[in-house]
Amino acid sequence: MADNGVNKGRRRFLVGATSVVGAVGAVGVAVPFVASWQPSARAVAAGAPVRADFSKLEPGQRMTVEWRGRPVWIINRTPEMNERTENLDPGRLSDPDSNEQQQPSYITGPLRSIRPEIGVMIGICTHLGCSPLYRPEPEAAVTDNWPGGFFCPCHGSYFDLAGRVFRNVPAPTNLEVPPYRFEEDDIIVGEDEEAV
């Protein structure tokens, strides 16, 4: 009888140990399988919001961050730059009121921004996808009565400091304004204010 008790105890031990090893093995197989359902880090980064600290951006300067593989310009506009943009003759612009939806609904007015001194736009020409040059001062003399803005030398498109396209140039629409919001000295590109 002693042998039966020892055998039963040993059998229980072996069944228990086998069950534990099997469970650990099943979890070991399941974790990578379930993890494969998640989007890759590259896919997450492709659409993820981007945080940019603009606290050191001097008036008149521009910085560039990348969001969804595209350059996003953040411009610290001076009061003079804003005045030139707001006082620009609307007859010189193709879409002065931004009726073509190239910006979120909360971006309104001639400066096309949440804060007048900070402009945020995607730095890709709406004609063929070139990257226009930043020419903020009238002395740049890109064209007659140049108010400052962006010039695409590839095909001759002009945009003002709010990204609004001039008339009679190849670019069909204003530069796109991405969704963005402010958080202290940071701009979160790719996230709306309402999303918070």
Any side-chain heavy-atom pair of [X] and [Y] under 4.5 Å:
X	Y	answer
Val120	Ile187	yes
Asn145	Arg92	yes
Val189	Pro49	no
Asn76	Gln61	no
Ile107	Ser113	no
His127	Val169	no
Ile74	Leu57	yes

Donor-acceptor pair, [X] side chain versus [Y] backbone, under 3.5 Å?
X	Y	answer
Asp160	Ala162	yes
Arg84	Pro147	yes
Trp67	Pro178	no
Thr78	Gly60	no
Tyr180	Ile114	yes
Asn174	Val165	yes
Ser55	Asp185	no
Asp95	Glu100	yes

- [ ] Could you name each residue pair satisfying salt bridge (Lys or Arg N to Asp or Glu O under 4.0 Å) that touches residues 107-130, not counting sequence neighbours?
- [x] none
Task: Exercise: do Asp192 and Tyr106 side chains pair donor with acceptor under 3.5 Å - done: yes
Task: Candidate pair Phe150 and Tyr134, rule ring pair (Phe, Tyr, Trp, His ring centres under 6.0 Å), full reasoning - done: CA-CA 5 Å; Phe150 306 95; Tyr134 180 50; 5.5 Å; yes
Open item on the list: For a side-chain hydrogen bond (donor to acceptor under 3.5 Å, both in side chains) check, start with the C-alpha distance between Asn82 and Arg77, then their side-chain angles and the critical distance, and finish with the verdict.
Closed with: CA-CA 6 Å; Asn82 284 343; Arg77 296 185 288 222; 3.2 Å; yes
TODO: For the pair Arg135 and Glu137, find out whether any cationic side-chain nitrogen is under 4.0 Å from an anionic carboxylate oxygen.
DONE: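 So Arg135 does not pair with Glu137 through a salt bridge.
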